[in-house]
K.L.:
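Below you will find the structure I want to go over with you.
Sequence lines set the chain letters: A, B, ... in the order given, protein chains first and strands last, and positions in each chain run from 1.
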Amino acid sequence: MSARYRAAIIGCGRVSRGHAAAYAQDPRVELVACADISGEASGCLGDEFAIPGRYLDYREMLLEERPEVVSVCTHHHLHAPMTIDVARTAAPRAILCEKPIALDLGEADAMIEACRAAGTMLLVGHQRRFSPQYIAAREALAGGRIGEVVSVEAFGHPGASLLVDSTHTIDLVRSFIGDPAGEWVIGQIDARQHRQAWGQPVEDCAVAWIRFQNGVHVLLGVGSVPPAVPDEPREPINPTVDGKTYHRIIVHGTKGRLEVDGDALSGDRAPVRIHRGAEVEEVFVVDPEEAGKRPSAVAREVSSLVDCLEDPGLRHPLNAESARATLEALLAVYESSRRRQAVRLPLDVEDNPLISMLNEGTL
Amino acid sequence: LATGTYRAAVIGCGKVGRGHAGSYRNAPGTDLVAVVDVNGAVCKAFAGEFGVERTYVNPVDMLEGEKPDIVSVCTWPPLHADLTVAACEAGSRVVLCEKPMALNLAEADRMLDAARGSGTLLCINHQRRFSARYAAARRLIEEGEIGELTQVTGICNGDALTDGTHLIDLTRFLNGDVSIGSVFGAIEMSHRGYVDPDGMGTLEFNETRMRYGHHAETGAMGLLFFENGVRAHLEIGILARGGYQRFFIDGTEGRIEVGGDPTGGRTENEGRLRLLRSSGDWEELEPVQEADPMTLSLRSMISVLEDGGDHLLSGESGRATMEAIMALYESARARKIVHLPFDYPESPLEEMIAAGEVPVN
């Protein structure tokens with residue numbers, strides 16, 4: 001089968017490797033070019049994945065190569081301007097933008113509008129929806145195996161922050177409970193250390209209590225607690241979650257709880273379990289042999305993207321509107337801290353309240 | 001003990017005072033000899049109801065005239081500190097002050113100092129520690145029935161000072177009174193009309209954002225990080241799922257649900273104690289309440305007076321609960337996690353409201 005879609009990647013850092021590998025495994029796609037302001041970076045990625053076109057200027061790449069699919073794998077503050085520029089310049093069939101979709105809702109809405117106007121399908125890389133352990137968890141919940149879902153607790157790893165990492169966590173939690181609309185959010189952040197990650201300011205730690213319109217409540221905790229005394233180490237907000245686990249999600253139902261050990265698939269217990277009192281039922285067990293053969297989550301995300309291009313009747317689960325709903329819930333945590341009140345959704349601010357508060361010197 | 005060994009007085013003849021008066025009738029060795037209320041008619045009716053001989057409109061007159069052994073402070077919270085100090089200075093051996101202990105930590109410390117100075121046993125009436133449901137839940141945790149305790153989720157309508165004080169106090173109790181390391185929280189003062197319309201003081205609250213003489217929030221959420229690694233998540237007011245002093249207690253091997261106060265069937269599982277141990281089936285437990293919690297608490301006070309020892313509702317414990325409430329308010333104000341000990345003397349909530357830092361509508 002010959003390739004029907006030409007793909008290109010903007011931003012040749014770590015995350016682009018997953019995209020390149022994903023394009024390589026789908027015979028319907030040919031990865032024709034990559035761009036980075038560092039020629040060394042595009043050279044490395046190009047050599048690694050045998051990508052013929054390598055560019056310093058992504059606009060030049062778009063005009064030369066006319067790709068049907070474009071991955072935006074740059075730092076977070078560039079997601080919006082680049083996605084909009086790609087849609088307007090080249091109007092590809094699809095843009096696969098890395099998460100978070102953007103830094104604020106004003107940006108996200110402009111991206112969605114630019115892509116709509118260009119006839120471009122915009123997707124956001126919350127690829128964990130395609131990871132087998134999370135699929136197993138979602139199916140167990142949908143099958144009523146812990147009864148009716150009452151509430152969810154989710155904790156991120158010690159270095160995590162809302163927009164960088166909880167975007168995956170909340171996106172998964174939304175998928176676990178049927179993607180309901182959010183009703184309100186109350187939360188608090190501690191951003192005293194003025195940290196930065198991937199081109200955006202991030203908080204040290206955050207906590208949130210989110211109510212969805214289906215009545216499910218979600219407790220979210222993420223990051224590390226800054227010390228009472230400067231120069232002391234930070235303490236993880238949940239010491240049982242490490243970087244390898246990424247996050248831990250516990251879903252409480254009327255008949256038990258389902259626990260997902262995040263990305264930690266190599267421990268000595270099943271990574272997805274149902275606990276009914278002291279009884280433990282394994283929901284997802286890692287088979288190392290199988291795991292080696294299985295396409296990655298990003299590969300599935302890309303295959304699903306191509307499926308959607310082939311069949312316009314399909315809707316991709318990582319569509320931009322879904323990513324916007326995830327971003328909205330996270331920004332509402334910042335807004336709750338700014339306003340000192342619970343924030344009803346839909347969120348009616350276009351800025352990123354964390355960035356605004358830092359700029360105003362209120363944190 | 002002979003009746004009248006300990007002469008008691010109640011200051012404040014409202015609903016809560018009624019509970020105290022009833023328990024003096026039930027506890028051996030105590031005799032309620034005087035009651036005080038600024039409203040003389042209310043005071044006389046109250047005295048008639050409980051067969052109390054003397055009534056006063058001024059608490060200072062009562063303290064001087066009666067020199068009571070035990071004083072119940074059942075007024076609105078703004079008077080708790082002054083009346084407690086006055087009772088200690090008048091030589092009372094026990095002051096049983098209603099919750100919340102005070103409106104800020106400066107007041108709480110003044111109360112503790114006075115009690116230490118006079119050798120008075122100061123107790124703050126978080127009487128639910130003597131309620132069989134919570135005591136049984138604590139025993140189940142201690143006996144390892146749910147494995148290792150990991151998280152306590154506490155739910156209550158109302159506001160943090162009026163109602164959350166029980167919630168935090170019970171959370172501390174359930175976790176064996178381990179110290180709290182830090183508090184992370186947020187508050188909500190808007191959305192008028194979301195407050196339970198049957199709740200006490202609600203009409204006034206909707207107009208003034210005040211209940212019982214102090215400002216209160218409509219909702220609060222908080223995470224308490226205990227020194228033993230246990231986390232508590234608090235849902236208070238309009239942000240709570242419904243219920244009064246309702247708990248989900250999670251351990252590595254099970255979950256306990258304490259259904260909270262009966263509210264006339266409006267919340268699920270109210271008044272129940274259930275254990276999810278295996279097979280996804282809840283086991284219903286029916287712990288026996290030997291006497292009402294206040295009477296048990298009073299008996300314990302008498303026992304401390306007679307034989308020494310500590311009381312579960314000590315002033316120090318009351319202050320630790322106050323500290324967590326104030327830290328929660330401070331977290332909302334400072335937009336930070338608040339590390340304990342937190343000794344700020346004023347109420348961050350009152351200061352935020354005075355400074356216009358929190359929207360009230």
Side-chain angles (χ1 to χ4, degrees), chain A residues 145-147 150-151 153 155 184-192 203-209 211 215 217 219 221 223-229 235 237-240 250 252-257 274-281 333-334 336-344 354 357 362-363, chain B residues 145-147 150-151 153 181-191 194 217-223 225 229 231 233-235 237-241 248 250-255 268 275-283 328 331-341 352 357-360:
Chain A
R145 286 168 66 186
I146 57 166
V150 175
S151 65
E153 288 163 42
F155 285 93
W184 52 252
V185 177
I186 189 167
Q188 194 56 270
I189 58 165
D190 191 323
R192 72 181 77 174
E203 70 287 351
D204 292 277
C205 58
V207 63
W209 180 234
R211 180 182 161 92
H217 290 77
L219 175 67
S224 287
V225 178
V229 184
E235 283 184 21
I237 203 161
N238 184 333
T240 70
I250 301 171
H252 292 285
T254 49
K255 291 182 181 301
R257 71 178 192 269
I274 289 173
H275 295 253
R276 299 184 185 91
E279 284 179 8
V280 180
E281 181 189 340
V333 181
Y334 293 145
S336 171
S337 176
R338 173 161 72 178
R339 285 190 203 167
R340 296 194 179 95
Q341 67 180 174
V343 173
R344 298 227 140 225
L354 174 66
M357 283 191 284
T362 48
L363 290 176
Chain B
E145 291 288 347
I146 56 167
T150 54
Q151 173 152 320
T153 302
S182 54
V183 176
F184 209 4
I187 63 162
E188 157 74 28
M189 288 202 69
S190 55
H191 301 303
Y194 276 87
E217 76 290 346
T218 51
M221 72 88 65
L223 268 190
F225 297 92
R231 252 185 339 264
H233 171 229
L234 309 174
E235 308 171 20
I238 62 168
L239 305 169
R241 275 177 278 181
F248 293 105
D250 290 303
T252 48
E253 294 179 7
R255 163 172 265 205
E268 236 182 334
L275 176 61
L276 183 60
R277 195 153 34 190
S278 59
S279 309
D281 291 325
W282 288 89
E283 183 183 331
L328 195 161
S331 181
R333 171 163 71 177
R335 302 187 179 97
K336 281 178 180 153
I337 275 199
V338 175
H339 297 273
L340 272 50
M352 270 190 284
E357 290 172 341
V358 55
V360 295

K.L.:
Donor-acceptor pair, distance only, cut-off 3.5 Å: does the side chain of A:His217 make one with the backbone of B:Ala240?
P.N.:
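Such a contact is absent between A:His217 side chain and B:Ala240 backbone.
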
K.L.:
With a 4.5 Å limit on heavy-atom distance, are the side chains of B:Glu268 and A:Thr254 in contact?
P.N.:
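They are not in side-chain contact.
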
K.L.:
If you count heavy-atom pairs under 4.5 Å with chain B, which of A:Ala208, A:Pro239, A:Cys205, A:Ser336 comes out on top?
P.N.:
A:Cys205

K.L.:
Do side-chain atoms of A:Arg339 reach the backbone of B:Pro359 as a donor and acceptor pair under 3.5 angstrom?
P.N.:
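Not a single qualifying donor-acceptor pair exists.
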
K.L.:
Looking at every non-hydrogen atom in both residues, tell me the closest pair between B:Ile337 and A:Asp190 and how far apart they are.
P.N.:
N-OD2, 2.8 Å

K.L.:
Would you mind reporting whether A:Val229 and B:His339 have side-chain heavy atoms less than 4.5 Å apart?
P.N.:
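Contact flag for B:His339/A:Val229 side chains = no.
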
K.L.:
Between the main-chain N or O of B:Glu235 and the side-chain N or O of A:Trp209, is there a donor-acceptor pair closer than 3.5 Å?
P.N.:
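The answer is no, because no donor-acceptor pair under 3.5 Å joins these two groups.
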
K.L.:
Would you say CD of B:Glu253 has more than 12 non-hydrogen atoms from neighbouring residues, nucleotides or ligands within 6.0 angstrom?
P.N.:
yes

K.L.:
Quick one: of A:Met357, A:Arg211, A:His252, who has the most non-hydrogen atom pairs under 4.5 Å with chain B?
P.N.:
A:His252

K.L.:
Search all heavy atoms of B:Leu239 against all heavy atoms of A:Ala342 and return the closest pair with its distance.
P.N.:
CD2-CB, 4.0 Å

K.L.:
Looking at B:Leu223, B:Thr153, B:Ile146, B:Ile187, which makes the most heavy-atom pairs under 4.5 Å with chain A?
P.N.:
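Option with the greatest count: B:Ile187.
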
K.L.:
Mark yes or no for whether B:Arg335, through its side chain, and A:Leu363, through its backbone, hold a donor-acceptor pair below 3.5 Å.
P.N.:
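Not a single qualifying donor-acceptor pair exists.
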
K.L.:
Of all of B:Thr150, B:Val358, B:Thr252, which one pairs up most often with chain A through heavy atoms under 4.5 Å apart?
P.N.:
B:Thr252

K.L.:
Select, from A:Gly147, A:Gly256, A:Gly253, A:Pro226, the one with the greatest count of heavy-atom pairs under 4.5 Å involving chain B.
P.N.:
A:Pro226

K.L.:
Is any side-chain heavy atom of B:Phe225 closer than 4.5 Å to a side-chain heavy atom of A:Ile237?
P.N.:
yes

K.L.:
According to side-chain contact (heavy atoms from CB on, under 4.5 Å), who are the partners of A:Ala206, at least two apart in sequence or on a separate chain?
P.N.:
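Only A:Leu162, A:Ile189, A:Glu203, A:Val222 meet the side-chain contact (heavy atoms from CB on, under 4.5 Å) criterion with A:Ala206.
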
K.L.:
Can you tell me which of B:Arg241, B:Glu145, B:Glu217, B:Met352 forms the most heavy-atom pairs within a distance under 4.5 Å of chain A?
P.N.:
B:Arg241

K.L.:
For residues B:Ala332 and A:Gln188, report the shortest heavy-atom separation together with the two atoms involved.
P.N.:
CA-NE2, 3.3 Å

K.L.:
A:Arg338: what forms a salt bridge (Lys or Arg N to Asp or Glu O under 4.0 Å) with it, not counting sequence neighbours?
P.N.:
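Partners of A:Arg338 under the salt bridge (Lys or Arg N to Asp or Glu O under 4.0 Å) test: A:Glu335, A:Asp351.
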
K.L.:
Between A:Gln341 and B:Thr218, is any pair of side-chain heavy atoms under 4.5 Å apart?
P.N.:
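No. Closest side-chain heavy atoms not under 4.5 Å.
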
K.L.:
May I ask you to say whether B:Arg231 pairs ionically with A:Glu153, meaning some side-chain N is under 4.0 Å from a carboxylate O?
P.N.:
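A salt bridge is present here (some side-chain N lies under 4.0 Å from a carboxylate O).
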
K.L.:
Taking all atoms of both residues into account, what is the closest heavy-atom pair of A:Gly187 and B:Ala186, and its distance?
P.N.:
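Answer, listing the atom of A:Gly187 first, then B:Ala186: O-CB, 3.5 Å.
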
